[in-house]
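Quick notes on the structure that follows.
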Amino acid sequence: MLYIGQQPKERTIEDYARYVNPGRVAVYRAMGINFVPGRREGVWLWDVGSGHRVLNCRTSGGVFNLGHRPPRVVEAVKQALDELDVGDHMLMSEMRAVLGLRLAELTPGDIQYTTLSPGGAEAIDVAIKLARGYTRRPKVISVRKGYHGHTGFALAAGEDVFRAHFGPMPPGFLKVPFGDADALEEAVDEETAAVIIETIPATAGILIPPDDYYPRVREICDRAGAVLILDEVQAGLGRTGRMWAIEEWDVVPDVLVIGKGLSGGVYPMSATCHRPHLDRFFQENPFVHLSSFGGAALGCVAALAMLDQITEPGFLEHVRAMGERFAQGFADLKTRYPIVAGVRQRGLMIGFDLVDDRLGPLMSIALFQNGVLAVFADYRPSTLQILPPLIIQPDEVDFVLSALDRSLTLLSRMDLESLPELPLPISS
Ligand SMILES: Cc1ncc(COP(=O)(O)O)c(C=O)c1O
């Protein structure tokens, strides 16, 4: 290997602490996790030093939807490297045109235009810029415990905990509880540029709204002339067993934001896709948003290969079948372990609830020892997020279920009162 394991693991950890981020190293040490990803293949990740192997049910929130280094995406990018580079973002681009068309075909309703960015947060910023630019209104309403990333507008739309250190945020941002259409109705007025919501809020603990929520959100936005932005950075691209999570509620947003799994985990790429009427703003201001690496040609190639794979016949059926296999296993675990509070699940987007906030972090540690990487939800630490690669196979689902079983046995024996608190939040 040219890049993996070329120096002792301890040296990597020391240098990481010295030159990259000592604080994080301290937190991982405190948790007893000194994992440094080395080899990666399909659903598996290996520790670079010990060779300890974990099945990745974190998938970086969906980045590794197709597993690590999906062969078709890797092959497409390898071939593209013989002809392409990132491209010049100011000029027209063949690969961006091809990907734009593909996304117009796949996104809901009459969504037509795509702006590409290197990451999810930037794509959210684009969505909010578009909404404010189009409506010329100041207010942006998001939901409490939403997570949209760490850039300017995305941070302002997110939860206070990540904003606290950075002084005044841009004005005009306010929050209402998720799933409460009445509260939203009260907050939205003729000053509202946008309502922005993660279709299934992930960092909040994989929350599922009441059935009439999204139809009412759509009506509220329509009545006020506000732009409805749905963040499917985690929930989109097949994660829920549908191409888009919002299909369940038969609602078309004005702007759909996607990222994470879009380029198969081999090249950074995200997209802000919007309906035709909004494009008036970009047509009047064609150079108002720029990004040197947004829509890099190599990233477009990766995204196209990824989309080819998830649109193949049987792909979404497989996601639903694996989700069902998990659901049956969870039902069994819930009957056997009183510390399991319940499960919220759509396809392979799973919030596994425990009865106490301290149990989520402990569960992450116990699972890690049992060969599974899965992280608790930052804003609801009693919930373990289980987001396996969508290509997971039945025997691998059973592996995760049996690791959960063993971890629950261990946690059930613990005396909760004597457990320390962990420094949260640490993940996203
Ligand atoms: C729902 C959601 N939106 C936006 C983002 C930001 O994406 P990125 O980390 O690529 O900036 C994330 C990242 O975790 C996310 O989960």
Side-chain angles (χ1 to χ4, degrees), residues 24 56-65 115-131 140 142-159 161-163 173 175 178 194-209 214 228-240 244-246 253 255-273 291 293-296 299 302-303 306 344 346-351 373-380 383-387 424-428:
R24 284 193 189 180
N56 193 349
C57 285
R58 186 181 119 71
T59 52
S60 280
V63 170
F64 304 110
N65 271 354
T115 305
L116 296 162
S117 302
E122 285 136 301
I124 295 287
D125 277 16
V126 172
I128 294 175
K129 285 164 99 173
L130 176 59
V140 177
S142 56
V143 299
R144 288 198 195 119
K145 305 206 167 165
Y147 182 87
H148 303 288
H150 285 246
T151 55
F153 288 150
L155 192 62
E159 194 53 20
V161 64
F162 285 116
R163 317 183 320 183
F173 284 76
K175 295 187 181 57
F178 176 72
V195 170
I196 174 166
I197 310 175
E198 283 172 83
T199 309
I200 296 181
T203 310
I206 318 287
L207 307 183
I208 311 294
Y214 280 115
L228 174 57
I229 303 169
L230 289 182
D231 177 344
E232 297 221 357
V233 166
Q234 287 210 38
L237 295 168
R239 169 60 54 191
T240 61
W244 312 109
I246 193 60
V255 184
L256 183 74
V257 181
I258 56 183
K260 299 274 196 191
L262 179 59
S263 45
V266 299
Y267 201 100
M269 174 69 79
S270 61
T272 311
C273 307
S291 164
F293 297 132
M306 190 276 174
R344 288 176 301 282
R346 287 294 185 275
L348 291 174
M349 189 161 194
I350 299 160
L373 184 63
V375 182
F376 54 91
D378 252 3
Y379 300 149
R380 184 171 167 139
T383 300
L384 186 79
Q385 297 172 318
I386 303 179
L387 304 167
L424 302 172
I426 63 167
S427 69
S428 70

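For the numbers below, each heavy atom of this structure counts, side chains included, while hydrogens, waters and symmetry mates do not. What you are looking at is a predicted structure, and each value in this text was computed from that prediction instead of being measured. Indexing begins at 1, ligand by ligand and atom by atom, following the structure's order.
At a heavy-atom distance under 4.0 Å, no atom of E122 approaches ligand 1. Contact annotation: for E198 versus ligand 1, heavy atoms closer than 4.0 Å belong to the side chain alone.
Within the 4.5 Å cutoff, the side chain of L230 has heavy atoms near those of the I197 side chain. In this structure, I386 and L384 have side chains that are in contact, with non-hydrogen atoms separated by less than 4.5 Å. Here the side chains of P268 and S263 are not in contact, with every heavy-atom distance at 4.5 Å or above.
Considering only non-hydrogen atoms, atom 16 (O) of ligand 1 lies nearest to Q234 out of H148, Q234, M269. Looking at G120, G236, A157 and measuring to atom 7 (O) of ligand 1, the nearest heavy atom belongs to G120.
In this pair, F162 and Y147 present their aromatic rings perpendicular. The plane angle is above 60°, beyond the 30 to 60° band.
Considering backbone and side-chain atoms together, D231 places an N or O closer than 3.5 Å to an N or O of ligand 1. Considering backbone and side-chain atoms alike, G119 places every N or O at 3.5 Å or more from each N or O of ligand 1.
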* Does the pair D125 and T151 meet the rule for a side-chain hydrogen bond (donor to acceptor under 3.5 Å, both in side chains), with working shown? -> CA-CA 7 Å; D125 277 16; T151 55; 3.1 Å; yes
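Near V233, meaning under 4.0 Å from one of its heavy atoms, ligand 1 places the atoms 2 (C), 3 (N), 4 (C), 5 (C), 12 (C), 15 (C). Short contacts between ligand 1 and A121, defined as distances under 4.0 Å to a heavy atom of the residue, involve ligand atoms 6 (C), 7 (O), 8 (P), 11 (O).
Residues T383 and R344 have side chains that bring a donor and an acceptor to within less than 3.5 angstrom of each other.
For the side-chain hydrogen bond (donor to acceptor under 3.5 Å, both in side chains) criterion with T199, the lone passing option out of R346, Q234, E232 is E232.
Note on ligand 1: E232 sits outside its first shell, no heavy atom being nearer than 4.0 Å.
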